[in-house]
Number of protein chains: 2
Amino acid sequence: MSEVKEILKKKNLRVTPMRLQILDLMFHASAAVSQKSIEAKLKDFDRITLYRTLKSFEEKGIIHKIEDGTGLNKYAMCADCDEHHHHDEHVHFNCNKCGDTFCLEDMEPPSFVNKTKHQIEQFNIVLKGTCEMCLN
Amino acid sequence: MSEVKEILKKKNLRVTPMRLQILDLMFHASAAVSQKSIEAKLKDFDRITLYRTLKSFEEKGIIHKIEDGTGLNKYAMCADCDEHHHHDEHVHFNCNKCGDTFCLEDMEPPSFVNKTKHQIEQFNIVLKGTCEMCLN
DNA sequence: TCAAATTTTGCAACATAGTTGCAGAAAGGA
DNA sequence: TCCTTTCTGCAACTATGTTGCAAAATTTGA
């Protein structure tokens, strides 16, 4: 728990019980978490505050938002992001069965041959299928 | 207009003024359209009916839904989809400035080296940047 | 062309996700 | 401890999407 406390302090965010709980939860989560799944675990807290907490975490570069196409925003800890730059351009995987989303930080992102006249600056890649857990 | 009429008949959908207008609009659109942009153009029609129209078009394989990460569902005509199978696994491009989304049907989708234990079945790739129009 | 069967539409009501303003509470520093 | 700043929780609101149902429109075929 003091590990997440350090993160908050380093980012100049006040250490509150809610923030500690949320960050602790994400720190130990194996998959990316949605706001809904956080709400399910911390039912004493206010929905709006949770939105704002996640927003400020994201702005400070503690977590990154994942658009996995399920319509639900999900969040995961950033390996090495800060408030100036997010390094979250890794591939994500979304399970069609359980809906969980994982960061595939080891997977090499592909390069694209740009035949178009559009200027490509970032990408969002979500692989879909059946996750390790659901296969068994 | 009779071209889109044929599409509806072929798919066993009744030919109604609303469907003709929506399909005609999508047929001539250069970018993928969101429900919102359709509403802006066809303001005489009911919001709920529009949802259901898009849904039935999608089910019949006339259009495909694009998850471009903007949170808004967008739709584009299917080049060769039918109700049994969607062939919409091409790369999409989303402009950060104007928000428009395009199908890059010419772009070769990359292959992924699967080092994980997850089973990959589909993918969703959205390239982001500045589109041709916004560059000029 | 008209009536019956079927599909589609539009309304009401509801559900969920997300946002803003503001007052009071809590955290952190002196 | 007190003061400043930040955070929280409430109320109210917007946008997006869904379901049930009755009325309207379309299609089929006599």
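Residue numbering restarts at 1 for every chain, and letters A, B, ... go by the order of the sequence lines.
Listed by chain and residue number, nothing satisfies the side chain to side chain donor-acceptor pair (under 3.5 Å) test with B:T53 (two or more places apart in sequence, or in another chain).
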* Asked: Does the pair B:L42 and B:L25 meet the rule for a side-chain contact (heavy atoms from CB on, under 4.5 Å), with working shown?
  -> CA-CA 10 Å; B:L42 312 179; B:L25 195 152; 4.2 Å; yes
* Chi angles and distances behind the side-chain contact (heavy atoms from CB on, under 4.5 Å) call for B:K41, B:E39 -> CA-CA 5 Å; B:K41 282 170 191 164; B:E39 274 172 19; over 6 Å; no
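Extent of DNA chain D lying under 4.0 Å from chain A heavy atoms, first and last nucleotide in 5' to 3' order, is D:dT5 to D:dA11.
Of all the heavy atoms in A:L23 and A:M77, the pair that sits closest is CD1-SD, 4.1 Å.
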* Asked: What is the per-nucleotide protein-contact pattern of nucleotides 10-18 of chain C, from the 5' end, where B denotes a base atom under 4.0 Å from a protein heavy atom, S denotes such proximity for sugar-phosphate atoms only, and - denotes neither?
  -> BBB----SB
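Residues A:K74 and A:S34 have side chains that never bring a donor and an acceptor to within less than 3.5 angstrom of each other.
Under the salt bridge (charged side-chain N to carboxylate O under 4.0 Å, His left out) criterion, the residue pairs touching residues 118-136 of chain A are A:K128-B:E67, with sequence neighbours excluded.
Side chain of A:S37 to backbone of A:V33: no donor-acceptor contact under 3.5 angstrom is found.
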Where do N or O atoms of nucleotides 26-30 of chain C meet protein N or O atoms at under 3.5 Å, pair by pair?
| residue | atom | partner | partner atom | Å |
| --- | --- | --- | --- | --- |
| C:dA27 | N3 | A:R14 | NH1 | 2.9 |
| C:dG28 | OP1 | A:V15 | N | 2.9 |

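Side-chain contact between B:M18 and B:T49 is present, with at least one heavy-atom pair separated by less than 4.5 Å. With a 4.5 Å cut-off on side-chain heavy atoms, B:Y51 and B:K55 do not count as touching. B:F57 places a side-chain heavy atom less than 4.5 Å from the side chain of B:L8.
Atom CZ in B:F45 sits 12.0 Å away from atom CD1 in B:I38 (nearest 0.5 Å).
Helix bend of the helix from C:dT1-D:dA30 to C:dA30-D:dT1: the angle between its two end axes, each built from five pairs, comes to 30° after rounding to 10°.
A:T53 comes within 4.0 angstrom of the backbone, heavy atoms only, and of no base.
Note on ring orientation: taking the six-membered ring where Trp is involved, the planes of A:H118 and B:F93 are parallel (angle under 30°, cut-offs 30° and 60°).
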